[in-house]
Each structure stands twice: as structure tokens, then as C-alpha cells.
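Report on one structure; see the data block that follows.
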There are 2 protein chains.
Amino acid sequence: MRPLFHPSIEDVRLEAILHALSDPVRVEIFADIAGAQCAQTCSAFANVNDRMIPKSSLSQHFKVLREAGLIHSERQGVEMHNTSRCEEVQTRFPGLVAAIINAHAAEAKRAKAS
Amino acid sequence: MRPLFHPSIEDVRLEAILHALSDPVRVEIFADIAGAQCAQTCSAFANVNDRMIPKSSLSQHFKVLREAGLIHSERQGVEMHNTSRCEEVQTRFPGLVAAIINAHAAEAKRAKAS
DNA sequence: CCCGTAGTTCAGGAAATCGGAACTATTGAA
DNA sequence: TTCAATAGTTCCGATTTCCTGAACTACGGG
């Protein structure tokens, strides 16, 4: 099994970040990881937005987030610990991730209200 | 030929905006329109990033930007006048478009420097 | 050593994207 | 009015990407 690839922050591309977060499942996962106090496992997201996500799809989603430079994944025993790279991305693209997370939160809030 | 559809600002979705701008051609077109003083035609972008874009693809790109709520397109005689909807989108998702345009400008600047 | 759990890889079917060719809409000139 | 030119749109087949079940790998515990 090939080791996990994490781009260095200089290699992070805007295009990859926007593509990664243009998927409703991935943006939800990322917002949760970014807002969490501690590292999150992959399987914690087996159902997102009241929808079952097969674990092969989940694995792909985490790969996309990881290779876009948005999260850091580290094997911890049998499971994976995922943390956000918000601070790093903030230095590269100031305000970007914060604005997206804000927008996502605003949309989620409105959906709940209706 | 069916009339052009523009979503009302309340119907604009984060997902659609991020998807629209996750394409290198579209983000370039949008940044240009947003930064321009006057309306831009479609064919003004026949070559973006030193690459020829076929007009059928250009038409699709404009449709994606339009239906995401990022631009307004209006027929003016034989050509199309495109303007950005930045102000409206700003009220719905504060800081989002500005951060993306900033990030895009930063990346373009770095690419030129190398 | 074997089992259970967590996640990855592979492969093929589904969906989105690209682009050439044909079409539509508008203007201006004959 | 008719014809030609210009600017975009639509259609459709080829390519690419995405999704997910099945098989696989990796680690920990008994």
C-alpha cells in the first residue's frame, strides 16, 4: 500500500482546493474536521447529510481533500487521524478557507430554517 | 433558442460557485470580467492562458458561470455583454468571491515570477 | 496465528466534459 | 427583401472523470 501523499504548502493549487470543496460530501467533511477540536477518523463520516457513503467513496473523498492540501492524514494504529491544514492554507491564500467555511455554515443554517 | 437563465441571488449555491471556479479557464474568465470596467463579450476570451478555446466550449463555460450566479449575460445586438454579479454574491456569501479572486491573482503572479 | 476493524485499490458502469459540425439570431449591405 | 458575415448556441459522439462493490492490505487483540 503506497504511502499517503501530502503536498507541501507551496505546491497547493487554488484549482485543487475549489474542486475538492465543490462536492457537498467533501465540503461537509472538511468543515467538520476544520471545526473539530481533535482528529477525526474516516469512518466517522460514514453518513453525511443523512446519506450513507460507501467506504470506497469515503476513501476517495479523503484522498481528494488530502491531495488538495486541505487535510493531513496520519495512521494511528488501525485507524486514520485527520486534521485540517487551515493555518497553512491561510498563509498561502489568506481568507479563502475561512470564507468557504462561513459560506457553508450560512447555507447549512438556511437549509435547517426552511 | 431558449432564453438565458439567471438564478436569483437567494438561489445561488456555494457548491455551484466552487465548481464553476474550479476550472482554470473559467476562473480566468471570471477574474477578467470582475476586474473589467466595462462589459466583456464571449469571444474576447477565445484564447485564455495562451490556449485556443473552441467557441462551443466557451459557450458552455459562460453558461456554467451564469447558472452559478457569478455573471450576468445580456444580448446586445449580435454579441453578448457579460458583467459580474460580485456585489450580489458578496451580500449572500461575504468575502467569498474576493478571497478567490485574490488567491487567483496571487497564483498568477507567482507563475509569472517563475 | 487467526479474526475483526479501518481503510485502500481495482475495475467496470454511470455521469460529466470537450469540441467539431450544424444551427439560430442579429446586423449591415446590396 | 434578400444575402452574407458575425456571435453564440445546440447537438452528439468521443474522451475523461466519478462512483462503488469486491477484493485486498495493514494493524491490533485474543
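Reminder, nothing fancy here: chain letters follow the sequence lines and each chain counts from 1.
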Under 4.0 Å between a side-chain N or O of A/Ser56 and OP1 or OP2 of D/dT20?
-> no

Rounding to a whole Å, what distance do you find between A/Lys55:NZ and D/dA22:C1'?
-> 10 Å

Take the protein atom NE2 of B/His81 and the nucleotide atom C1' of D/dG8, then report the distance between them rounded to whole Å.
-> 13 Å

Salt bridge A/Arg85-A/Glu88, side-chain N to carboxylate O under 4.0 Å | yes

A/Val78 has a side chain; which of D/dC27, D/dG21, D/dC19 sits nearest to it?
-> D/dC27

Would one find a side-chain N or O of B/Ser59 under 4.0 angstrom from OP1 or OP2 of D/dG8?
-> no

Protein-nucleotide distance (B/Leu4, atom CG; C/dT26, atom P), rounded to Å = 11 Å

Just to confirm, is there a sub-4.0 Å distance from OP1 or OP2 of D/dT20 to any side-chain nitrogen or oxygen of A/Ser57?
-> yes

Any donor-acceptor N or O pair under 3.5 Å, side chains A/Arg26, A/His61 = yes

Any B/His19 side-chain nitrogen or oxygen under 4.0 Å from OP1 or OP2 of C/dT17 | yes

Selection from C/dT26, D/dC27, C/dT8 that lies nearest to any side-chain heavy atom of A/Arg66 | C/dT8

Rounded to the nearest angstrom, tell me the gap between atom CE in B/Met80 and atom C1' in D/dT10.
-> 13 Å

Residues of residues 25-52 of chain B with any non-hydrogen atom less than 4.0 angstrom from an atom of DNA chain D: list those, numerically ordered, please.
-> B/Thr41, B/Cys42, B/Ser43

